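One structure is given below, encoded as C-alpha cells.
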Amino acid sequence: MNTTHRIVDLSETQPNRRRGGDLRAVLTPTAVGATSGFMGLAIIAPGDRIAEHYHPYSEEFVYVVAGELEVDLDDDTFPIRTDQGLMIPLNVRHRFRNVGAVEARMVFHLGPLAPRPELGHVDTEETARPEDAAQPTGAVS
C-alpha cells in the first residue's frame, strides 16, 4: 500500500477571522491532499464568537480542548466545555461564543467536502468587526 502523509504545524496555517475567532484550517485538500473532509482549530478569545452559519454538504464534528463555550444550534443554546465533543448535522445553523475567562480552543472536522469550497459554508449573520471582512476566505468552520 502506497501511503503518503504530511504533518502540518499550526504555525504553517493562516488565521481566518472573517466569521469571528481565529480559525485555522490545518489538514485540508490543499495542504495534505485530503479528499473526504478537512480539520482545523478554532481559537476564540473571551467574549468573542464565531458567527452563525451552516453547512449544506458537511457534518461538523467539534471537540473542545480548552475553555468554556456556548453553542447555538438553530434556536437552542447549549454549554460545551473542555473534553466535550459535538456533532452538528447538515443544514443546522450554529454559532459559538466563548463565555469563559480564558481563551477557548476547539478542534473541528467537516466532511464530506462540498463540491466547491465556496459552497461549504452559508453565513446567516455578519461578524461584528467590519475590518475582518477583508480577510481572505477559506474552507473553515
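Because the structure is predicted, anything quoted here is derived from the model rather than measured. Below, each value reflects all heavy atoms present in this structure, side chains not excepted, and no hydrogens, waters or symmetry copies.
Considering every non-hydrogen atom in both G100 and P46, the closest pair reads O-CB, 3.5 Å. V71 approaches I80 most closely through the heavy-atom pair CG1-CG2, 4.2 Å. For the residue pair P29 and G37, the shortest heavy atom distance occurs at CD-O, 4.3 Å. Considering every non-hydrogen atom in both A104 and L69, the closest pair reads CB-CD2, 3.6 Å. Across F108 and A42, no two heavy atoms sit closer than the pair CE2-N, 3.7 Å.
Both F38 and L86 are part of a single hydrophobic cluster, where members link through side-chain heavy atoms under 4.5 Å apart. Put simply, F96 and V99 are part of two different groups of oily side chains (I, L, V, M, F, W, Y) that touch within less than 4.5 Å, one to the next. Cluster annotation: V8 is connected to I43 through the hydrophobic network of ILVMFWY side chains, with a link wherever side-chain heavy atoms come within less than 4.5 Å. Linking Ile, Leu, Val, Met, Phe, Trp and Tyr whenever their side-chain heavy atoms come within less than 4.5 Å puts V92 and F78 in one cluster. Note on L73: it does not cluster hydrophobically with F61, by side-chain heavy-atom contacts below 4.5 Å among ILVMFWY residues.
The pair R24-D22 counts as a salt bridge, with a side-chain nitrogen and a carboxylate oxygen less than 4.0 angstrom apart. A salt bridge between E125 and R19 is absent, with no side-chain N of the basic residue lying under 4.0 Å from a carboxylate O of the acidic one.
The distance from the OG1 atom of T77 to the CG atom of D74 is 11.0 Å, given to the nearest 0.5 Å. Atoms CD and CD, from Q84 and E68 in turn, are 10.0 Å apart once rounded to the nearest 0.5 Å. The CG atom of D48 lies 9.5 Å from the CZ atom of R17; values are rounded to the nearest 0.5 Å. Separation of atoms CG (L27) and CG (L41) is listed at 11.0 Å; rounding is to 0.5 Å.
Judged by distance alone, the side chain of H53 and the main-chain N or O of A51 form a donor-acceptor pair under 3.5 Å. Remark: the backbone N or O of P112 is paired with a side-chain donor or acceptor of S58 at under 3.5 angstrom. Judged by distance alone, the side chain of N98 and the main-chain N or O of I44 form a donor-acceptor pair under 3.5 Å. H121 places no side-chain N or O within 3.5 Å of a backbone atom of L119 that could act as its donor or acceptor partner. T13 contributes a side-chain N or O that, together with a main-chain N or O of L10, makes up a donor-acceptor pair within less than 3.5 Å.
When the options D75, D72, D123 are evaluated for a salt bridge (charged side-chain N to carboxylate O under 4.0 Å, His left out) with R93, the one that passes is D75.
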Open item on the list: Please determine whether side chain to side chain contact (heavy atoms under 4.5 Å, CB included) holds for the pair E59 and L110, giving the CA-CA distance in whole Å, both sets of side-chain angles, and the decisive distance to 0.1 Å.
Closed with: CA-CA 6 Å; E59 295 174 328; L110 283 89; over 6 Å; no

Open item on the list: For a side chain to side chain contact (heavy atoms under 4.5 Å, CB included) check, start with the C-alpha distance between V64 and R105, then their side-chain angles and the critical distance, and finish with the verdict.
Closed with: CA-CA 6 Å; V64 179; R105 288 180 169 237; over 6 Å; no

Task: Step-by-step salt bridge (Lys or Arg N to Asp or Glu O under 4.0 Å) determination, E70 to R97 - done: CA-CA 5 Å; E70 280 185 348; R97 284 182 302 284; 2.9 Å; yes

Task: Derivation and outcome, side chain to side chain donor-acceptor pair (under 3.5 Å), residues E60 and H94 - done: CA-CA 10 Å; E60 183 170 6; H94 54 284; 2.8 Å; yes

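Each side chain to side chain donor-acceptor pair (under 3.5 Å) pair with one or both residues in residues 30-42, not counting sequence neighbours, would appear here, but there are none.
Using a 4.5 Å heavy-atom threshold, the side chains of V62 and V107 count as separate.
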